[in-house]
Undergrad: 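Dumping the structure here so I can ask a few things about it.
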Amino acid sequence: RRGRPEAAIEAYKQAIRLGDRRLSVFEQLIAALYRSQRIVESQEYLAQMEEQIPASPVLSGLDISVSATAGQWDRALAAARRNVQARPDDPMAHVWLGQMLLASADRDEAELAFRHAVELAPGDIRTHNALVSFYARTGQVDRAREALHNLVAKVKLADDARAAALAQGYELLGDFEQARAAYREALRLSPDNAALQLRMALLLMNSGRSEEAEEALRRTLQLDPNAASARRALAALLAARGGESQWREAQQLLSHPSADVDIAKLDERLQAMLLVRRGGLENRAKAKQLLEKLVADPKTAAPGDRLALA
């Protein structure tokens, strides 16, 4: 069902209406609803499975994520605590708890949860990444750097994956030069990795190196012509240059056909934003048409669409 989220959602709903109560069906439906940001519906189906949530790691994670997205932090934290109680030896349950504690401004208990996750799974890169991210987000740069070095020392990784982990860690720390050097090493070892090329490009964009970023984005699209994030990033970069030829290419990039409704809507949303920035009566009229189309469909409309249209 890839590329057809609405069809998948309706198929799962129909199965439930016909009496299918399998846990896997609810897990897939709620996950699809959450990915589509249909939070109220996600909550409704979670409520139907309230008694089964503790037994399902998938539903437990969704319960936390949906509550957090809805801004219901007390509920999200309570769900994370229940998840740990149900799975005390699951390192990712402790990572979830740490994230919710951090969101609730309980830094001390959050650190304990992240460190316990690492203790439970010292060879799991996810637990180390969570601890590095915690220290970086709370401004504890020295501890973050130490946690990053522990990651590469304790987690068994291929050479290219180790370089990529260092690059992403240095990026979190705001150390641009070390991050760029590590990305270059990772790409030397794995030159055809489109995802790495894209992360390198975004780092370069965020640091104002637009020419290098453009080269990396074009390389990403050579490796993966369907890389929608790279297309949008390149379109935004070219449009910001202001030249006519760059503007035309930016528009062509955003007119790329996609069977995925979500990707198509993201392209249209960015196209509208760039048209507004470009200015002129004709561009504003085109932007208005795109925004009206987005707002007309409640399943794909975002709160910012109506604001931009006003």
Undergrad: State whether a side-chain donor-acceptor pair under 3.5 Å links Q43 with Q72.
TA: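 Result is yes, a qualifying pair exists.
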
Undergrad: Under a 3.5 Å distance rule, please check whether D106 uses its side chain to pair with a backbone N or O of L102 as donor and acceptor.
TA: no

Undergrad: A side-chain contact here means heavy atoms from C-beta on lying under 4.5 Å apart; do L131 and N150 qualify?
TA: no

Undergrad: Do Y183 and Q197 meet the criterion of a side-chain donor-acceptor pair at a distance under 3.5 Å?
TA: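 No, Q197 and Y183 have no side-chain donor paired with an acceptor closer than 3.5 Å.
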
Undergrad: Assess whether atom CD of E244 is packed by more than 12 heavy atoms of other residues, nucleotides or ligands within 6.0 Å.
TA: yes

Undergrad: Using the rule given for side-chain hydrogen bond (donor to acceptor under 3.5 Å, both in side chains), can you reason through S60 versus R87, listing the C-alpha separation, both sets of side-chain angles and the distance that settles it, and then say yes or no?
TA: CA-CA 10 Å; S60 295; R87 279 170 286 281; 2.8 Å; yes

Undergrad: Whether R38 and E44 form a salt bridge (side-chain N of Lys/Arg under 4.0 Å from carboxylate O of Asp/Glu) is what I want to check.
TA: no

Undergrad: With a 6.0 Å cut-off (strictly less than), is the heavy-atom count around CD of Q140, excluding the residue itself, greater than 12?
TA: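 Yes, enclosed.
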
Undergrad: Taking only residues two or more places apart in sequence or in another chain, which ones pass salt bridge (charged side-chain N to carboxylate O under 4.0 Å, His left out) with R75?
TA: D63

Undergrad: Quick one: are L253 and E249 in side-chain contact, heavy atoms under 4.5 Å?
TA: yes

Undergrad: Assess, by modelled atom type and distance only, whether the side chains of R180 and S207 contain a donor and an acceptor separated by less than 3.5 Å.
TA: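 There is no such pair between these side chains.
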
Undergrad: Do Q251 and R248 have side-chain atoms, one donor and one acceptor, less than 3.5 Å apart?
TA: no

